[in-house]
Amino acid sequence: MTTPVIANIIEAEQGTSLWQDAWLRLSRNRLALFGLAVLVLFILIATLTPWIAPYSYTQHNLDLGATPPSAAHWLGTDIFGRDMLTQIMYGGRISLAVGFIATAVALLIGITWGAIAGYAGGRVDAVMMRMVDIIYALPFMIFIVLLMVVFGRNMLLLFLAIGAVEWLTMARIMRSQVQSLRQQEFVEAAISLGLSPATIVRRHLIPNALGPIIVYTTLTIPSVMLLEAFLSFLGLGVQPPQTSWGLLISFGAESMEEYPWLLLYPGIAMTLTLFSLNFLGDGLRDALDVRGAKD
Amino acid sequence: MWRFVGYRLLQAIPVLLVVITVTFFLVRAAPGGPFSSEKAVIPEVKAALEAQYGLNLTLFQQYTSYLSDLTKGDLGPSFKYPGRSVNELIAAGFPVTAELGFYALLVALSIGGVAGIIASLRPNTAQDYIPMSAAMIGICMPSFLLGPILILVFGIYLEWLPVSGWGDIPGDKILPAVTLGSTYAAYVARLSRAGMLEVMSQDYIRTARAKGLPEWQVVTRHALRGGLIPVVAFLGPAFAGLLSGSFVVETIFQIPGLGRFYVQAAFNRDYTMILGATVFLATLIVVFNLLSDILAAWMNPRLRAQFAEQ
C-alpha cells in the first residue's frame with residue numbers, strides 16, 4: 001500500500017536508465033536527429049527499391065538519351081536513356097549494403113580480437129596488440145587496390161578487404177573497455193560463480209561496452225562507403241551492370257560538361273548520407289559520453 | 001627521447017618486412033602470368049622470357065633474389081614496358097606526385113589550421129559553428145566528387161582556371177592541390193580545434209593570462225605548441241591518405257604522376273610495376289609515420305619525460 005507521494009519518490013529514485021538518458025540527450029541534438037531521419041528514410045527506400053522504383057533497372061531508351069529532369073523522369077535520364085532516380089536508388093542499395101556489411105565484418109573481427117586480448121591480458125594481450133600495431137602501420141588503401149587488381153573485382157572480396165582494414169580501431173577500443181570492466185566486482189562475481197570466459201565476455205563485457213561500439217560503428221560506416229566509392233570511381237570496385245553511387249559519380253564526371261545532373265544527383269545522395277552518418281555519430285558520442293572513439 | 005626514436009625505428013622494420021613479403025606473394029599468387037595474355041607464344045620464347053625475368057626459379061628463390069635486389073635499391077624491370085625499369089618509372093612520376101602532395105599539405109595545414117584555431121577561440125558561437133560546418137562538408141565531400149565539381153565551376157562555367165595538366169599553363173596546379181587538400185584541411189581543422197580547446201583550459205594558460213600577456217600572445221607563444229600536437233601526429237596518416245588520394249586526383253586532372261602510373265599499371269596488370277610501386281609507397285608511408293610520431297613526441301613534454309624516466 002503505497003501512497004501517491006511515496007510512489008512519486010520511488011519513481012524519482014528509479015530515475016532514468018543510461019539508454020533513456022542517452023536518447024533524451026540525442027533527441028535534443030537537432031543535427032543528429034536530422035541525420036537519423038535521413039538515414040532511416042534512405043534505408044527504407046533502399047529496402048523497398050524493387051517495388052517502388054519508378055522504372056525497371058534495365059529499362060533503357062537510346063533514342064531518348066540524356067534528358068534533364070522532367071515530370072516523367074524526376075532526376076533526368078543518362079546517356080542510355082535510363083531513369084536517373086531508378087539508377088540512384090539501385091546504386092544506393094549497393095553503396096549502403098557495402099557500408100553495413102563491411103562494417104559488420106569489421107565489428108565481428110574487432111570485437112572478438114579486442115575482447116580476447118583484453119580479457120586474457122599478459123603475454124597473449126601483448127602479442128595480439130603488437131600485431132594490431134604492425135597491421136595499423138600498413139598502407140591499406142594501396143593494399144586494397146592491389147587486392148582488387150590481383151583477384152579481380154569481386155563483391156565478396158570487397159566486403160572482406162574493407163572489413164579487414166577497419167577492424168583495428170574497433171579491436172583497440174574493445175580491448176581498453178574490457179580491461180577496465182574486468183577489474184569490477186560484477187565480473188569477479190561472475191568468475192566465482194564458475195561462468196566460462198566466453199560466457200562472461202558475451203553476457204557481461206560486450207553489453208557494458210556497447211556505447212563505444214555503437215558510436216564507432218556509426219563513424220565507420222561512412223568511411224567504408226567512401227572507400228567503396230573511391231574504388232568504384234577508379235574502376236576497381238563495383239562493376240556494371242551493377243551500380244553504386246561511386247560508379248554513378250564516376251560516369252557523371254565523364255559527361256558533366258553536357259549533362260551536369262548526372263554528376264550532381266548521385267553526388268548529393270552520397271554526400272547527404274555521409275553527412276547524416278557523421279552527424280548521428282557525433283551526436284551519439286555526446287549522448288553516450290564516449291571519449292576518444294574517433295576524432 | 002632517443003629511447004623512443006629507437007623503439008619506433010625497431011617497430012618500423014617488421015612493418016616494412018611484412019609489407020614487402022605480403023605484396024610479393026600477393027602479386028605472385030595472382031591468376032595468370034604476366035605473359036599469358038600474348039597469343040601463342042613459342043615455348044622456347046616463353047622459356048627465354050621467363051628465364052630473363054627469373055620466373056623459372058622457385059618462388060622462394062625469386063623472393064630472396066627480390067629482397068637482395070631491394071637492398072641495392074633495384075626494384076626490377078617493368079613487364080609491360082620492355083627496357084624500362086620500375087626505378088625509372090618511379091623517378092619520372094614521383095617528383096610530380098610529391099609536388100602535388102606538398103601543395104595539398106600546404107592547403108590542408110594553412111586553411112585547416114587557421115580555421116580550427118579561430119573556431120577554438122570562441123567555442124559554441126558563430127565563429128566556431130561556421131568553420132566547423134565547413135569542415136564537416138569537407139569531410140563528407142570526397143575528392144572524386146569535389147574535383148569534378150571544381151572543374152565544372154571554376155574551369156568550365158567561370159573559365160578562371162585550367163581544368164587539366166600539370167605545369168603547362170600557369171594556375172593549373174591550383175585545382176588539383178585544393179581538391180586533394182580539402183579533406184585533410186577539414187580533419188586538421190577539427191583536430192586543431194579539439195587540441196586548442198584542451199590546452200586553453202590548462203593552468204599554464206591561466207598563468208600566462210594572469211601575468212598580463214595580451215590574448216594573441218597567449219595563443220601564439222603558449223597555446224599553439226601544445227594545441228597542435230594532435231595535428232602533427234595526424235601528419236603521418238594524412239601523408240598516406242594524400243598518396244592514395246593522388247590516384248584519384250591525378251586521374252581526374254590527367255597529371256603524369258606516380259598515382260596515375262599506379263592505376264594504369266593496375267589495369268595493365270604490370271605486376272613488377274605494381275609490386276615496385278607498392279613497396280616504394282609503403283616504405284615512404286612507414287617513414288613518414290615514424291617522422292610524424294617523433295615530431296609529435298618531441299613537441300609533447302609529458303611523453304618526453306615518460307621516456308626519460310625509463
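Chain letters run A, B, ... following the sequence lines, proteins first, then strands; residues in each count from 1.
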If we only count heavy atoms from C-beta on, is the Tyr157(B) to Pro260(A) side-chain gap below 4.5 Å? yes
Which bit of Ile137(B) is near chain A, if near means a heavy-atom gap under 4.5 Å: side chain, backbone, both or neither? both
Check whether Phe233(A) gets within reach of chain B through its side chain, its backbone, both or neither, counting any heavy atom under 4.5 Å. side chain
Quick one: CD on Glu258(A) to CD1 on Ile156(B), what's the gap to the nearest 0.5 Å? 8.5 Å
Here the gap from Asp282(A) atom CG to Arg190(B) atom CZ, rounded to the nearest 0.5 Å, amounts to 5.0 Å
Where does Leu226(A) contact chain B at under 4.5 Å (heavy atoms): side chain, backbone, both or neither? both
Examine whether an atom of Val248(B) lies under 4.5 Å from a heavy atom of chain A, and if so say whether it belongs to the side chain, the backbone or both; otherwise answer neither. both
Could you list which of residues 87-99 of chain A have a heavy atom closer than 4.5 Å to any heavy atom of chain B, in residue-number order? none
Does any backbone or side-chain atom of Leu290(B) lie under 4.5 Å from a heavy atom of chain A? Answer side chain, backbone, both or neither. neither
Is it true that, when you exclude Gln179(A) itself, more than 12 heavy atoms of the residues, nucleotides or ligands shown sit nearer than 6.0 Å to its CD? yes
Atom pair CG (Leu274(A)) and CE (Met141(B)), whose distance is rounded to the nearest 0.5 Å: 10.5 Å
When Pro142(B), Pro148(B), Ser143(B) are compared by non-hydrogen pairs under 4.5 Å with chain A, the top option: Pro148(B)
Residue part contacting chain A, namely of Leu243(B), when any heavy atom lies under 4.5 Å: neither
Checked Ile249(A), Leu234(A), Thr271(A) vs chain B; the most non-hydrogen pairs under 4.5 Å come from Leu234(A)
Does Met131(A), at its CE atom, have more than 12 non-hydrogen atoms belonging to other residues, nucleotides or ligands within less than 6.0 Å? no
Does atom CZ of Phe154(B) have more than 12 heavy-atom neighbours, drawn from other residues, nucleotides or ligands, at distances under 6.0 Å? no
How many angstroms lie between OG in Ser223(A) and CD1 in Ile139(B), if you round to the nearest 0.5 Å? 11.0 Å
Rounded to the nearest 0.5 Å, what separation is found between the CH2 atom of Trp245(A) and the CG atom of Leu145(B)? 12.5 Å
State, with a plain yes or no, whether a side-chain heavy atom of Ile149(B) is found less than 4.5 Å away from one of Met256(A). no
